[in-house]
Amino acid sequence: MSEIITPALVSLDEPLGTDKRAVIDALAARVAQTGRASDAAALAADAWKREQTDETGLPGGIAIPHAKSPAVREATLAFARLKPGVDFGAGDGPADLVFLIAAPDTAAEEHLAVLSRLARAFMREDFTAGLRAATTPDDVVALVQAAVSDAPPAAAAVPAVPAASTDLVVDGRPARIVAVTACATGIAHTFMAADALTAAGQQAGVDLVVEPQGSSGYKPLPQSVIDDADAVIFAVDVDVRDQQRFAGKPVVRVPVKKGIEQPAALIDEAVASVGNPLAPRVSGNADTAAAARAEGGGAGVGSAIKRSLLTGVSYMIPFVAGGGLLIALGFLLGGYTIAFDADKILGASTLWNLGDTSLIVYLGAVLFKIGALSFGFLVPALAGYIAYGLADRPGIAPGFVAGAVASFMGAGFLGGIVGGLLAGLAAWWLNSLDVPRWLRGLMPVVIIPLLGSIFASGLMLLVLGGPIAWLTQALNTWLSSLTGAGVIILGIILGLMMCFDLGGPVNKVAYAFATGNLAAGIAGDERYLQIMAAVMAAGMVPPLAMALASTVIDRKLFTEPERENGKAAWLLGAAFISEGAIPFAAADIFRVIPAMMLGGAVTGALSMAFAVTSKAPHGGLFVFFAIDNFWLWLVAIAAGTVVAAFAVVALKRFAHRRPVDEVSSGAEGVPSALANA
């Protein structure tokens with residue numbers, strides 16, 4: 001690997017301009033002059049785009065404009081010591097030490113690792129003092145080369161940061177916090193925030209462990225460390241990878257730059273959130289976290305496929321929920337015949353020339369059509385984001401195309417799942433190939449979408465689509481044939497699935513089954529509308545039941561935070577947000593979950609027996625206008641809620657936990673959340 005910085009890339013006390021754009025332009029020009037970038041203007045534009053997203057000035061007179069750019073030929077640093085300094089947005093004034101970090105958009109892992117070590121060096125006072133004292137460009141090069149060497153910095157070099165509160169204890173011991181840091185490029189801020197939080201944690205006397213998620217990859221924290229943590233800090237500008245590992249933990253979310261500038265304040269806030277029942281929490285539930293534990297943090301093909309399926313369903317839901325509610329509003333305004341008349345109305349009328357159509361019916365047609373078009377993305381979005389879960393961004397295009405093919409062939413959401421998996425695996429394999437340097441830039445934007453689409457969609461069209469479409473049709477025929485006890489049994493199964501893991505894989509399978517066929521229900525098959533009503537009703541039971549049990553039936557069985565959560569759970573349950581029961585299940589999984597499943601089974605059976613239908617996929621009581629037999633639907637929900645609430649109270653009274661010491665003596669290695677239940 002060539003030197004990352006040379007004397008020609010160093011500027012000491014030279015005038016480069018009076019504003020940050022001029023400084024960035026000048027440093028980008030130096031990179032191009034040394035042959036390390038093909039286009040100075042393109043590199044400067046990419047760095048400026050990053051600067052406009054989030055200013056790169058840092059406390060202590062430092063600025064680190066940076067970019068991953070196709071114009072960069074090799075990872076490079078350009079340095080300028082400015083007199084006077086230039087404002088890069090830091091709160092304490094202008095920056096006199098400016099590093100332009102330029103990385104190729106297909107940077108090799110070894111280059112990114114070097115750049116991350118440099119980012120850590122910015123937090124060391126001896127490093128910045130050496131840069132200010134340097135008399136020649138060679139001095140700067142020597143300092144940087146020492147900083148990016150494989151040798152770790154001395155412990156004494158950890159920067160001094162303001163101490164956090166001295167009262168950072170939980171249950172009489174130092175607080176345990178885990179943190180994730182990540183920035184858009186994954187080069188500089190990611191690692192600087194990690195070091196700042198680590199140093200602040202040491203000074204505050206808390207047990208704090210950080211997982212930097214950089215461009216060169218990341219090493220997941222041991223799941224046992226996450227399980228034992230009291231709270232989580234996400235100092236990130238991008239999505240946290242494998243976020244389900246932290247499910248249910250109190251969380252503080254801030255931009256990554258705050259992790260650098262205010263680490264002590266973030267630690268204070270994280271510890272304060274531990275005892276606050278209203279504090280934000282990482283989405284997910286006890287079963288999601290348990291699955292992450294069982295998978296050892298998510299290694300292996302099987303766990304990757306499972307995560308990708310959950311990712312696909314999660315990203316699909318907004319299309320379904322938004323589109324379904326729009327369709328329901330279209331029915332409210334235009335009547336149920338709008339499903340068959342919308343295209344004709346919109347083709348013959350406009351807002352300014354309604355003709356024989358009333359304004360209300362016209363608006364109903366507009367809403368229905370928007371919702372129907374949104375629903376059209378259901379299978380492509382499912383497949384596209386399953387592929388994304390496996391292969392990241394290169395998988396999106398092949399996945400969407402495979403999903404569109406599945407829709408075209410009538411393979412439904414089952415075809416979307418298969419197509420998404422094929423596309424994701426193909427994109428992942430193609431992305432793992434060791435290709436020539438000149439081809440790397442084309443891989444994610446041309447080669448992978450082309451070959452991945454040919455492979456996945458070709459298999460769907462030529463081989464798999466027909467059998468999957470036949471299986472889908474067979475399932476539809478079986479559902480249409482159900483009568484009497486068969487309908488009730490289906491309702492029981494759906495109710496059990498909806499309450500088994502409160503938003504986890506089993507819950508999502510039931511919900512995806514209902515929403516994936518909702519379009520068929522709207523087209524005239526009321527059996528699917530009954531399934532949708534049963535699924536939504538059963539999903540409302542857990543939060544409503546825990547609210548009833550903790551605020552009405554027997555408050556003494558619940559802690560004060562649980563009673564506070566119970567108050568909020570009334571509204572969450574009414575809106576079909578099953579996650580409102582997660583705090584209760586996380587604390588007492590083996591007594592809460594069975595009771596919730598019992599109530600969900602009762603509600604699912606009654607909803608199906610009453611032949612309640614729902615044309616909306618989400619919204620709970622607030623989409624009453626889209627639910628036929630609404631009062632019978634309420635009866636089903638109330639019955640399941642009462643059954644689940646009294647069941648959980650009975651279990652808490654009479655099904656006592658085993659003593660901790662008894663469990664510990666024979667359950668070595670069993671996760672504590674399960675062993676103590």
Side-chain angles (χ1 to χ4, degrees), residues 321 324-325 327-332 335-337 339 479-499 507 510-511 513-515 517-549 552-553 569-578 580-581 595-647:
L325 290 173
I327 289 172
L329 289 170
F331 287 140
L332 178 65
Y336 294 123
T337 59
L479 286 173
S480 298
S481 68
L482 286 177
T483 58
V487 172
I488 295 174
I489 291 172
L490 178 61
I492 291 173
I493 293 171
L494 292 171
L496 290 171
M497 294 176 70
M498 286 301 294
C499 298
N507 171 285
Y511 186 71
F513 172 64
T515 56
N517 292 289
L518 186 57
I522 291 170
D525 191 339
E526 288 211 345
R527 185 57 48 84
Y528 288 118
L529 300 182
Q530 293 173 18
I531 290 171
M532 189 70 256
V535 163
M536 183 153 58
M540 294 166 64
V541 166
L544 291 174
M546 295 312 304
L548 179 63
V552 177
I553 297 176
W570 285 111
L571 180 60
L572 296 175
F576 180 37
I577 301 175
S578 301
M596 299 305 103
M597 291 176 66
L598 178 61
V602 170
T603 293
L606 289 176
S607 181
M608 292 297 286
F610 294 153
V612 179
T613 63
S614 173
K615 296 181 177 67
H618 212 289
L621 301 182
F622 300 99
V623 291
F624 62 91
F625 53 85
I627 298 170
D628 290 333
N629 297 323
F630 178 71
W631 296 109
L632 289 175
W633 191 64
L634 287 184
V635 170
I637 295 170
T641 298
V642 170
V643 168
F646 277 101

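For Ala549, the side-chain contact (heavy atoms from CB on, under 4.5 Å) partners are Phe558, Ala645, Val648, Val649, not counting sequence neighbours. Take Phe624 and apply the side-chain contact (heavy atoms from CB on, under 4.5 Å) test, not counting sequence neighbours, and it matches Phe630. Residues meeting the side-chain contact (heavy atoms from CB on, under 4.5 Å) test with Ala611, sequence neighbours left out: Gln530.
Side-chain contact between Met546 and Trp570 is absent, with no heavy-atom pair separated by less than 4.5 Å. Looking only at side-chain heavy atoms (C-beta outward), Asn629 and Thr613 stay at 4.5 Å or farther from each other. With a 4.5 Å cut-off on side-chain heavy atoms, Met497 and Met597 do not count as touching. Within the 4.5 Å cutoff, no side-chain heavy atoms of Asp628 are placed close to those of Val612. Considering only heavy atoms from C-beta on, Met536 comes within 4.5 Å of Ile627 through its side chain.
Nearest heavy-atom pair, Gly539 versus Phe576, reported as atom, atom and distance to 0.1 Å: CA-CE1, 3.6 Å. In terms of heavy atoms, Tyr511 sits closest to Met532 at CE1-CE, 3.9 Å. Shown here for Ala569 and Pro543, the closest heavy-atom pair between the two residues is CB-O, 3.4 Å. The two residues Ala538 and Gly495 have their closest heavy-atom pair at CB-CA, 3.7 Å.
Between the OG atom of Ser614 and the OH atom of Tyr528 there is a distance of 16.0 Å, given to the nearest 0.5 Å. With values rounded to the nearest 0.5 angstrom, Met498 atom CE is found 11.0 Å from Met540 atom CE.
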Validation: residues 598-609 side-chain donor-acceptor distances under 3.5 Å, sequence neighbours left out:
from: Thr603; atom 1: OG1; to: Gly599; atom 2: O; distance (Å): 3.3
from: Thr603; atom 1: OG1; to: Ala636; atom 2: O; distance (Å): 2.9
from: Thr603; atom 1: OG1; to: Gly640; atom 2: N; distance (Å): 3.4

